[in-house]
Each structure stands twice: as C-alpha cells, then as structure tokens.
J.: 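One structure follows; several queries about it will come next.
Each chain gets a letter, A, B and so on, in the order the sequences are listed, and its residues count up from 1.
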Protein chains: 2
Amino acid sequence: MSGIKGGVNPLFLREEDLRQGIELLFFAYRDFTAEADAILADMGFGRAHHRVIYFVGRHPGISVSELLGILKITKQSLSRVLSHLVAEGLIVQHQGTRDRRQRLLHLTEQGQALERRLTECQRERVARAYRAAGASAVEGFRKVLGGLLDSPLPRPGPAATDGAPLAEPDPLTTRRSA
Amino acid sequence: MSGIKGGVNPLFLREEDLRQGIELLFFAYRDFTAEADAILADMGFGRAHHRVIYFVGRHPGISVSELLGILKITKQSLSRVLSHLVAEGLIVQHQGTRDRRQRLLHLTEQGQALERRLTECQRERVARAYRAAGASAVEGFRKVLGGLLDSPLPRPGPAATDGAPLAEPDPLTTRRSA
DNA sequence: CGCGATATGTCAATAGTGCTGACGTACTTG
DNA sequence: CAAGTACGTCAGCACTATTGACATATCGCG
C-alpha cells in the first residue's frame with residue numbers, strides 16, 4: 001500500500017496514516033465520554049440522557065422534533081429517555097403557544113446542575129487537550145473534524161437573530177437538513 | 001461566561017469554543033461510523049463486530065486477552081460477538097503454541113474481505129477530510145485527539161522492542177496499561 | 001504430582017440505546 | 001366537518017455491554 005507513488009505522500013493519505021486517524025478517533029471518543037458515562041451510570045442514566053440534557057440546555061425551549069433533528073434518532077428512542085428525564089424532574093415540558101402540539105423543553109434547576117456537572121468533565125478534557133496542543137493545532141482539529149461531517153456545520157458566527165422558537169438559527173439544529 | 005478575563009482568550013478556552021469542540025466530536029464521530037454501521041446492520045452484525053474484525057485484522061494472531069485490553073470491554077461482551085464471527089466463518093481461532101490456553105485470532109479470507117469493505121468507508125472519509133484540511137491541519141487534529149486520550153498513545157516509531165506475543169510492540173495494544 | 005494462578009468460555013440476569021409498527025391527539029386545510 | 005398532516009407515545013424486538021457465578025484447560029512452581 002505504502003509508496004504507490006514511489007515516495008511518501010505528503011498529505012498523510014497512506015494506509016498507515018489513515019488507520020492511525022481511525023484508531024485515534026475511536027480511542028479519543030471513548031475516553032472523551034468515559035467520565036460522564038460513569039457519572040450517568042451511577043444515577044441510572046446513560047449516554048443518551050446526557051445528549052438530551054446537553055442539547056436542551058443548549059437550546060432552551062427546543063421542541064421535540066427539533067431535538068430529534070439534532071440527535072438523528074427516532075422519536076420513539078427519544079421518547080423513552082425524555083420521559084425518564086421528565087419523571088426524574090430534570091426536564092420540564094411546556095405546551096407551545098404558536099403550535100399547541102409542541103412540547104417545548106427546558107431544564108429544571110436540577111437538570112442544569114447535572115448538565116454542568118457532566119459537561120464539565122468533557123469541557124475540562126477538551127480544554128486540556130487544546131491547551132497542550134496550541135491554537136493552530138486546534139484550528140486543524142476543527143478543520144478535520146468538520147471535514148468528517150456528512151454536511152458541513154454552518155458557521156456559528158454571524159447568525160441573524162430572528163423570532164424563531166430557538167433564539168438563534170442554530171447551526172446544530174439547522175444541520176439536520178443533511 | 002465569555003470574557004471572564006475581560007477579553008478573548010487566545011487559546012480557545014472560552015465556553016463557546018469548548019462546547020463547539022464537544023459538539024463537533026459528537027457529530028463527527030457519529031457520521032464517521034454511520035456508513036459502516038449500515039453495512040453491518042444488513043449482515044446482522046453491529047458496531048462491536050466491526051471493532052473485533054478491525055483489530056484482529058490489524059494484529060493477526062492476537063489473543064483474546066490482548067483484544068480485551070484494546071477494546072476495554074468484558075470478556076462476556078466480547079465472547080458473544082467473537083463466537084458469532086467464528087460461527088459465520090469470518091474469524092478462526094488457533095490454539096497458541098507457546099501457551100496452549102490461548103486462542104489466537106485470525107481473519108479468514110471472508111473476514112479480510114469484510115474488514116476491507118468496512119474500513120474502506122472510514123478510510124475514504126478520513127482521507128477526504130485530510131485532503132480538504134491539509135497537512136498542517138492533520139497534524140493539529142492528531143495532536144488534539146492525542147491529548148484527549150486517558151493515556152497517550154506511545155509513538156509508533158522508536159518503541160522499545162520486546163518479546164511480546166504480538167510481533168510488534170504495538171501502540172494500541174500496549175495502550176491498555178491505562 | 002498437586003496447588004494456585006492464568007486464559008478462555010459460558011450461562012443467567014439486567015440495563016441502556018436504537019429501531020419498526022401501531023396509535024392517539026392536535027392542528028390545518030378544503 | 002372530514003381528510004390530511006404534524007407531533008408525540010406505547011409495545012415489542014435487537015444489539016451492546018455489565019456483573020456474577022462457574023467450568024475447563026493449561027502453566028509454573030515446589
């Protein structure tokens with residue numbers, strides 16, 4: 001495989017380099033989620049609960065379908081997790097005013113506390129990695145990860161504020177248009 | 001949150017930047033595995049089967065415990081998947097010569113074919129992202145991902161060769177010492 | 001040889017996550 | 001109001017992973 005062109009490929013496209021990337025992704029993602037997973041497990045929750053708490057915290061008042069669009073799971077899968085979180089008092093549902101079919105989601109204080117606790121683990125880890133790698137490495141990290149996506153993440157920067165359910169036309173919710 | 005220090009943090013350690021990294025990791029990993037997952041699902045396998053096939057292909061003759069060390073799952077979890085793969089004729093087990101308790105694992109031709117097919121999806125995706133981002137971004141990507149690991153991946157280069165079961169002192173198997 | 005440690009495999013039970021199919025409710029439109 | 005669409009839930013199935021308890025086979029050592 002190596003040396004198809006007779007020499008070293010300057011763009012790291014050799015079999016070995018690509019496999020290293022694949023493996024790095026696997027190990028990094030696993031370690032990245034491990035701490036939060038452990039906290040969740042202690043509370044009878046799983047990783048899916050974290051995702052829901054995370055994105056509801058990120059987008060207060062998000063509707064179930066919008067959340068589905070971000071997570072890209074079926075509504076049935078979300079339903080179980082969401083009901084659980086509501087039953088535990090971490091999330092509250094308010095009927096939408098514009099469309100009363102909607103259940104707009106918000107974290108309770110308890111939910112916010114858990115969100116902070118969980119995300120703190122990951123934020124700390126990312127901060128450590130960023131600090132150790134330096135600013136230009138971070139830029140590269142973002143560029144490559146962005147390139148791995150099915151559909152590129154719209155830039156969060158110059159977002160036009162509108163009166164939509166979500167305060168901002170968020171890149172994450174919008175992304176489901178993939 | 002932003003502006004704790006009154007200004008922009010040059011090292012991307014602001015709340016927003018860290019959250020963007022967290023989300024990028026989530027979306028990228030999901031999209032990264034999606035294609036292979038679909039192929040596996042068609043064959044009645046899951047992601048766990050891919051991991052086993054991948055690492056057995058990567059380390060022919062690996063023992064069950066070494067594989068457990070890489071994957072960091074319980075032997076009961078591995079057992080189910082491994083038995084399935086053996087039953088389907090994708091993996092063969094040979095009794096170890098040095099230690100006859102060991103079952104050294106190898107891919108069959110069929111197993112190799114599937115490994116290639118699955119990994120091809122991911123390799124292509126990574127290659128595309130690498131190409132689009134450029135060599136220096138790739139370096140940054142690796143640096144940051146490496147920083148996310150619990151224990152740093154020993155460099156593949158100047159590793160001290162020992163007489164370990166695996167022909168090479170592989171960074172991945174060695175890593176389980178975490 | 002016999003004993004303890006190691007390597008592997010298996011059974012049973014439990015939990016989390018995701019899926020499809022079948023429904024029910026709420027709203028929109030003709 | 002009826003038909004269609006949007007939104008959400010319940011039931012049942014499959015995959016992954018866990019813990020705990022055992023069962024073999026083998027190795028190393030005294």
J.: If you measure from the Lys or Arg side-chain nitrogens to the Asp or Glu carboxylate oxygens, is any gap between A:Asp150 and B:Arg125 under 4.0 Å?
T.: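 Answer for the salt bridge query: yes.
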
J.: If you measure from the Lys or Arg side-chain nitrogens to the Asp or Glu carboxylate oxygens, is any gap between A:Arg19 and A:Glu23 under 4.0 Å?
T.: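 No, A:Arg19 and A:Glu23 are not salt-bridged.
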
J.: Show me, range against range, the stems involving DNA chain C, built from at least 3 consecutive Watson-Crick or G-U pairs below 3.5 Å.
T.: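 Listed by first number, the stems are C:1-30 with D:1-30.
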
J.: Measure the CZ-CZ distance between B:Phe26 and A:Phe55 for me, rounded to the nearest 0.5 Å.
T.: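 Reported value, rounded in 0.5 Å steps: 5.5 Å.
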
J.: Between the side chains of B:Thr33 and B:Arg47, is a donor N or O closer than 3.5 angstrom to an acceptor N or O?
T.: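 Result is yes, a qualifying pair exists.
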
J.: Taking side chain to side chain donor-acceptor pair (under 3.5 Å) as the test, write out the residues that go with A:Arg117, two or more places apart.
T.: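 Result, side chain to side chain donor-acceptor pair (under 3.5 Å) vs A:Arg117: none returned.
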
J.: Do the side-chain N and O atoms of A:His94 and A:His106 include a donor-acceptor pair separated by under 3.5 angstrom?
T.: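 The criterion, which ignores hydrogens and geometry beyond distance, is not satisfied for A:His106 and A:His94.
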
J.: Scan A:Gln95 against the nucleic acid and name what it touches under 4.0 Å (heavy atoms): base, sugar-phosphate only, or nothing.
T.: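 Counting heavy atoms under 4.0 Å across all strands, no contact is made by A:Gln95.
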
J.: Mind running a 4.0 Å heavy-atom check of residues 32-45 of chain B against DNA chain C and sending the residues that fall below it, in number order?
T.: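 The stretch gives none, as no residue of it lies under 4.0 Å from the strand.
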
J.: If you round to the nearest 0.5 Å, how far is CZ of A:Arg103 from CD1 of A:Ile62?
T.: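 So the gap between those two atoms works out to 15.5 Å.
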
J.: Is the distance between the ring centroids of A:Phe45 and A:His50 under 6.0 Å?
T.: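 No, they do not, as the ring centres are separated by 6.0 Å or more.
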
J.: Starting from P on D:dC15, measure out to CG on B:Leu78 and report it in whole angstrom.
T.: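 Rounded to whole Å, this separation is 17 Å.
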
J.: Among the candidates C:dT17, C:dT10, D:dT26, find the nucleotide nearest to the side-chain atoms of B:Ser83.
T.: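 Selected nucleotide: C:dT10.
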
J.: Measuring from the side chain of B:Arg51 (C-beta onward, heavy atoms only), which nucleotide among D:dT16, C:dG9, D:dT9 has the closest atom?
T.: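 Closest of the options to the side chain of B:Arg51: D:dT16.
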
J.: Using a strict threshold of under 4.0 Å (side-chain N to carboxylate O), is an ion pair present between A:Glu15 and B:Arg116?
T.: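 No, this pair does not count.
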
J.: What residues form a side chain to side chain donor-acceptor pair (under 3.5 Å) with A:Glu88, not counting sequence neighbours?
T.: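 With sequence neighbours excluded, A:Glu88 shows a side chain to side chain donor-acceptor pair (under 3.5 Å) to no residue whatsoever.
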
J.: Would you say a side-chain N or O of A:Ser77 is under 4.0 Å from OP1 or OP2 of C:dC19?
T.: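 For C:dC19, OP1/OP2 do have a side-chain N/O of A:Ser77 under 4.0 Å.
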
J.: Can you check the A:Ile91 CD1 to D:dG8 C1' distance for me, whole Å?
T.: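 For the pair A:Ile91 CD1 and D:dG8 C1', the rounded distance is 15 Å.
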
J.: Roughly, in whole Å, what's the span from CZ in B:Arg100 to C1' in C:dG9?
T.: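 That distance rounds to 18 Å.
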
J.: Would you list the protein and nucleotides 2-5 of chain D atom pairs, both N or O, that sit under 3.5 Å from each other?
T.:
none

J.: A:Ile62 CD1 to D:dC7 C1': how many Å, rounded?
T.: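 Atom-to-atom, A:Ile62 to D:dC7, this comes out as 15 Å.
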
J.: Over how many whole Å does the gap from B:Gln102 atom CD to D:dG28 atom P extend?
T.: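 Distance, rounded to whole Å: 11 Å.
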
J.: Taking atom CD of B:Glu115 and atom CD1 of B:Ile91, what is their separation to the nearest 0.5 Å?
T.: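 One finds 10.5 Å between CD of B:Glu115 and CD1 of B:Ile91.
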
J.: So how far is it from A:Gln76 CD to A:Leu68 CG, rounded to the nearest 0.5 Å?
T.: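 That separation rounds to 8.5 Å.
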
J.: Would you mind telling me which residue lines up with the more 5' stretch of DNA chain C, A:Ala48 or A:Arg103, judged by nearest nucleotide?
T.: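 Checking each residue's closest nucleotide, the 5'-ward one belongs to A:Ala48.
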
J.: Write down the distance between CG (B:Leu68) and C1' (D:dA17), rounded to a whole number of angstrom.
T.: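 Distance, rounded to whole Å: 13 Å.
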
J.: Would you mind reading off the distance between A:Lys75 atom NZ and C:dA26 atom C1', rounded to a whole angstrom?
T.: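 Taking NZ of A:Lys75 and C1' of C:dA26, I get 13 Å after rounding.
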
J.: Nearest-nucleotide wise, let me know which of B:His84 and A:Ser79 is further upstream toward the 5' end of DNA chain D.
T.: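 So the residue in question is A:Ser79.
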
J.: Is there any protein nitrogen or oxygen under 3.5 Å from a nitrogen or oxygen in nucleotides 11-13 of chain C, and what are the pairs?
T.:
none

J.: Among side-chain atoms of B:Glu66 and B:Ser63, is any donor-acceptor pair under 3.5 angstrom?
T.: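 Side-chain D/A pair, B:Glu66 to B:Ser63: present.
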
J.: Looking only at the side chains, is there a donor atom on one of A:Gln95 and A:Arg101 sitting less than 3.5 Å from an acceptor on the other?
T.: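 Distance-only check fails for A:Gln95 and A:Arg101.
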
J.: Using atom NE2 of B:His49 as one end and atom P of D:dA14 as the other, report the distance to the nearest whole Å.
T.: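 Atom-to-atom, B:His49 to D:dA14, this comes out as 14 Å.
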
